[in-house]
Participant: 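Here you go, one structure.
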Amino acid sequence: ELLAQASGTTEQPVRVLSFFSSTEAEPAQKALLRTVGALWEQGVALNWKEFSANEQRWRVPLPTYPFERLRFWIDQEFVQKMLAETNEINDTPAPVKAKVARDDWFYLPTWKQTPLAPSERPALACAYLVLLDEHEVGEKLAKRLERRGARVIRVFPESAGVPFTEESDGRVFHLDRTQRSEYQHLFERLAELDTQPEHIIHCASLTVAGEIPEGPAGFQLLQERGLYTLLFLLQAYEQQTGAAALCVTLFSNNIQSVSGNEVLWPEKSPLLGLAKVASQENPDVLCRSIDLENLPETEQEYEQLLAEILSRDVERTLAYRQGQRWSETYTPKKIAAPTQLPFRSQGVYLITGGLGRVGLLLSNDLAQRVQARLVLVGRTALPPRTEWEEWLLQNGQDDVTSRRIRQVQALEVLGSEVLVCQADVADKAQMRSVIEQTTSTFGAIHGVIHAAGVSDSRAFGSVQELGHDTYD
C-alpha cells in the first residue's frame, strides 16, 4: 500500500519484489527505501510529495562540484605509497629552530613618517555614511565629497531620548546614539532606499578642550560618542548586509602618543581597541584609525583628510602631528630579567582579582618567595573563616568556593597572612573601604598588583555579541 501511494502509473507494469519481516536483520525502513530505489531505477514516476509527507526537511549546503557520476576515490596503492614516502621523510630529523631567548620576546609600538601615496582613481561611486561631530569637521568633509560627485548620508548621533527622524529624502538622519535598535532601523531604511554605504566616516569622537565634563559623566559621554556609536554601526551593518565589504575611516584627536608631548584623552582609547578587533575578526572590514593633534582649520588640512578617505591605503593606525603623517609600527625591545625582584620579606601586597586564577598564581609565588602578607580583592566573597571547615565538609571538591578556600589555606601554610576582601575595583567607595581595612590590619601597603579582569567565555565574544553589559 505504501508503494502504491508513492508511485504513479506506467505504460508497462514493473514488478519489484519486497519482503518486510520482523525476523530479518534488514530493518523495514531500509527495505522500503531499497524497493523505492529499484522502482525509480526502472523509470517509475514516484509521488515524492506523498512519500515524504510526514518527514521534516532541513536545508543543507550543496557540494561545490556537480554530480558527474565520475569516480574520485583515492586508490589504496596510492595511499600506501604516500605513507611510505611520509615515513621516509619522518625518519630524517628536521632542522631544530633556535629557541628565542626570553629577553627577545618583547616589542614596543613606535611611529614612523610615511607619506600618503595619491590615489589615481578616487572611489566616489559608492555611498558614504558620515557620523557627524559637534564641530562640523564631518560636515565639511561631507560637502567636499558631494562636490566631487559622491552620495553622502549624514547621521547625527543625538543624546538619549531623541526620536529617530529622516530628512532630505534619506540623506539626513537623527538617532539616539545610545540605542542599538536605532542603528538597525537606520540600515533597514537605507536598504529600502537602496543606498547602503560602503564607507563609513566616523567623526563623533572629535572634541575640544573644556567640552567634556570631568569624572564618570565625562567618561560615559565619550563612550557614547565613540565606542558605542562605532560598535552599533558595525553590528547593524553586518546584520543588514551579511558582512559585506566595508571601509571605516575613524577620526579622533589626542588619543595616540606620538611625540610624547601630547595632552592625551585616555578615556577615548576603548574606541581604538574595537577598531583593531573589528578588522581582525572580519577581514572584509578595513577599519583605519587616524588620530589628529588639533581639529583641522585650513583648506590644506581638510584636503589631506579627504585624501585619506579616498585613498586605497591599508595602514590601519595613523596620526597627524604638525602636518606630518605618522604610521604605527612595532620594534623589538630587549628586556633583561631583573637580577633582584622588588618584593619585601613579609611585605603587604594588595592584589585585585586576587581570587581569580592569575591572582592566586601570583599570590602563591609571593607566598613562596617572601611570605608576603596578602590582600586578595574580588567581587565574590568567601564565607566567614569560622564556617570554612563546615563549608568544606558540606560541599564537594569541585565547588568553586571550596577550591578558593583551600587555595587561601595553602597560602597560609607557605607562611603568608591572607586578608580576603569583597569589592568592585571600579567602585571608589568600596576600594576606599578595602584600603582602610588593609592599613588597620597590616599597616602600610608596599605594592599593588592589578589582576582583575574577565577571562572566561564572556571575554571572547564576537563584535555582534558585545554591548553595554559587556563593557560596563
Side-chain angles (χ1 to χ4, degrees), residues 115-158 167-175 177 183 186-187 190 195-208 211 222 225-226 229-230 233-234 237 246-256 265 268 271-272 275 285-327:
L116 174 65
S119 178
E120 296 180 0
R121 288 187 173 181
L124 292 172
C126 67
Y128 292 82
L129 186 152
V130 182
L131 192 72
L132 299 169
D133 59 291
E134 300 285 336
H135 308 285
E136 296 193 344
V137 174
E139 175 62 27
K140 292 176 181 177
L141 291 172
K143 289 180 178 178
R144 283 168 170 77
L145 286 169
E146 287 176 330
R147 287 201 294 266
R148 287 164 172 77
R151 180 178 179 84
V152 178
I153 304 155
R154 293 169 171 81
V155 178
F156 290 84
E158 307 288 1
E167 302 171 4
S168 304
D169 298 325
R171 291 178 179 267
V172 177
F173 293 88
H174 297 257
L175 52 74
R177 63 175 177 251
Y183 298 82
L186 168 66
F187 280 95
L190 293 177
T195 56
Q196 287 286 12
E198 299 174 23
H199 195 140
I200 294 176
I201 303 169
H202 188 291
C203 300
S205 285
L206 296 172
T207 57
V208 296
E211 176 186 351
L222 287 173
R225 290 188 184 180
T229 54
L230 178 61
L233 281 170
L234 291 172
Y237 181 85
L246 175 67
C247 182
V248 179
T249 302
L250 176 64
F251 289 113
S252 62
N253 65 315
N254 303 108
I255 300 182
Q256 301 283 13
W265 291 65
K268 297 182 181 181
L271 183 65
L272 299 181
V285 174
L286 174 59
C287 202
R288 303 175 68 230
S289 166
I290 303 176
D291 191 58
L292 310 177
E293 188 172 19
N294 300 298
L295 300 190
E297 296 179 353
T298 66
E299 184 68 20
Q300 180 181 359
E301 290 173 333
Y302 274 103
E303 287 299 317
Q304 183 66 59
L305 299 186
L306 187 63
E308 291 284 0
I309 294 170
L310 300 177
S311 75
R312 299 182 182 275
D313 190 89
V314 295
E315 290 185 282
R316 297 183 178 180
T317 307
L318 300 163
Y320 276 88
R321 296 293 185 268
Q322 297 182 353
Q324 300 298 316
R325 184 178 187 267
W326 299 79
S327 63

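Note that these values count all heavy atoms, side chains included, but never hydrogens, waters or copies made by symmetry.
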Participant: Determine whether a donor-acceptor pair (N or O, by modelled atom type, separation under 3.5 Å) exists between the side chain of Arg288 and the backbone of Glu315.
Facilitator: yes
Participant: Looking at OH of Tyr183 and CG of Leu230, how far apart are the two atoms once the value is rounded to the nearest 0.5 Å?
Facilitator: 9.5 Å
Participant: Classify the ring geometry between His174 and Phe156 as parallel (under 30°), tilted (30 to 60°) or perpendicular (over 60°).
Facilitator: parallel
Participant: Is the shortest side-chain N to carboxylate O distance from Glu303 to Arg148 below 4.0 Å?
Facilitator: yes
Participant: Could you pull out the closest heavy-atom pair between Glu301 and Leu295, with the gap in Å?
Facilitator: OE1-O, 4.4 Å
Participant: Locate the shortest heavy-atom distance separating Tyr128 from Pro197; write the atom from each residue and the value.
Facilitator: C-CB, 4.4 Å
Participant: Can you tell me how far the CD1 atom of Ile255 sits from the CD atom of Glu293, to the nearest 0.5 Å?
Facilitator: 13.5 Å
Participant: Does Asn253 offer a backbone N or O that forms a donor-acceptor pair with the side chain of Lys268 under 3.5 Å?
Facilitator: yes
Participant: Got a sec: does the CD of Glu167 have more than 12 other heavy atoms crowding it under 6.0 Å?
Facilitator: yes
Participant: Please name the pair of heavy atoms, one in Leu318 and one in Ser327, separated by the smallest distance, quoted to 0.1 Å.
Facilitator: CD2-CB, 3.6 Å
Participant: Compare every heavy atom of Leu190 with every heavy atom of Ile153, then report the nearest pair and how far apart it is.
Facilitator: CD1-CD2, 3.8 Å
Participant: Is the closest side-chain heavy-atom distance between Gln304 and Leu116 below 4.5 Å?
Facilitator: yes
Participant: State the OH-CD1 distance between Tyr237 and Ile200, to the nearest 0.5 angstrom.
Facilitator: 7.5 Å
Participant: Quick one: does any side-chain atom of Arg177 pair with a main-chain N or O of Ala204 as donor and acceptor, under 3.5 Å?
Facilitator: no
Participant: Spell out, as yes or no, whether a donor-acceptor pair under 3.5 Å connects the side chain of Glu134 to the backbone of Thr207.
Facilitator: no
Participant: May I have the list of side-chain donor-acceptor pairs in residues 137-146 shorter than 3.5 Å, sequence neighbours left out?
Facilitator:
unit_1, atom_1, unit_2, atom_2, d
Glu139, OE1, Arg154, NE, 2.8
Glu139, OE2, Arg154, NE, 3.4
Glu139, OE2, Arg154, NH2, 3.3
Arg144, NH1, Lys140, O, 3.2
Arg144, NH2, Glu299, OE1, 2.5
Arg144, NH2, Glu299, OE2, 3.3
Glu146, OE1, Arg154, NH2, 3.0
Glu146, OE2, Arg154, NH1, 2.9

Participant: Say whether, by atom type as modelled, one donor and one acceptor occur between the side chain of Asp291 and the main chain of Gln256 under 3.5 angstrom.
Facilitator: yes
Participant: Nearest heavy-atom pair of Ser205 and Gly226: which atoms, and what distance?
Facilitator: OG-CA, 3.2 Å
Participant: Could you state the interatomic distance from CG (Leu292) to CG (Leu206), rounded to the nearest 0.5 Å?
Facilitator: 6.0 Å
Participant: With Leu131 as reference, evaluate Leu233, Ile201, Leu250 under the side-chain contact (heavy atoms from CB on, under 4.5 Å) test and give the passing residue.
Facilitator: Leu233
Participant: Within a strict 4.5 Å, meaning less than it, do heavy atoms of the Leu286 and Arg316 side chains meet?
Facilitator: yes
Participant: Closest heavy-atom contact between Arg325 and Glu308?
Facilitator: NE-OE2, 2.5 Å
Participant: With rounding to the nearest 0.5 angstrom, report the CG to OG distance, Asp133 to Ser252.
Facilitator: 12.0 Å
Participant: Roughly how far, to the nearest 0.5 Å, is CD1 of Ile290 from CD1 of Ile309?
Facilitator: 7.5 Å
Participant: Can you list the steps and then say if Val155 with Thr229 is a side-chain contact (heavy atoms from CB on, under 4.5 Å)?
Facilitator: CA-CA 11 Å; Val155 178; Thr229 54; over 6 Å; no
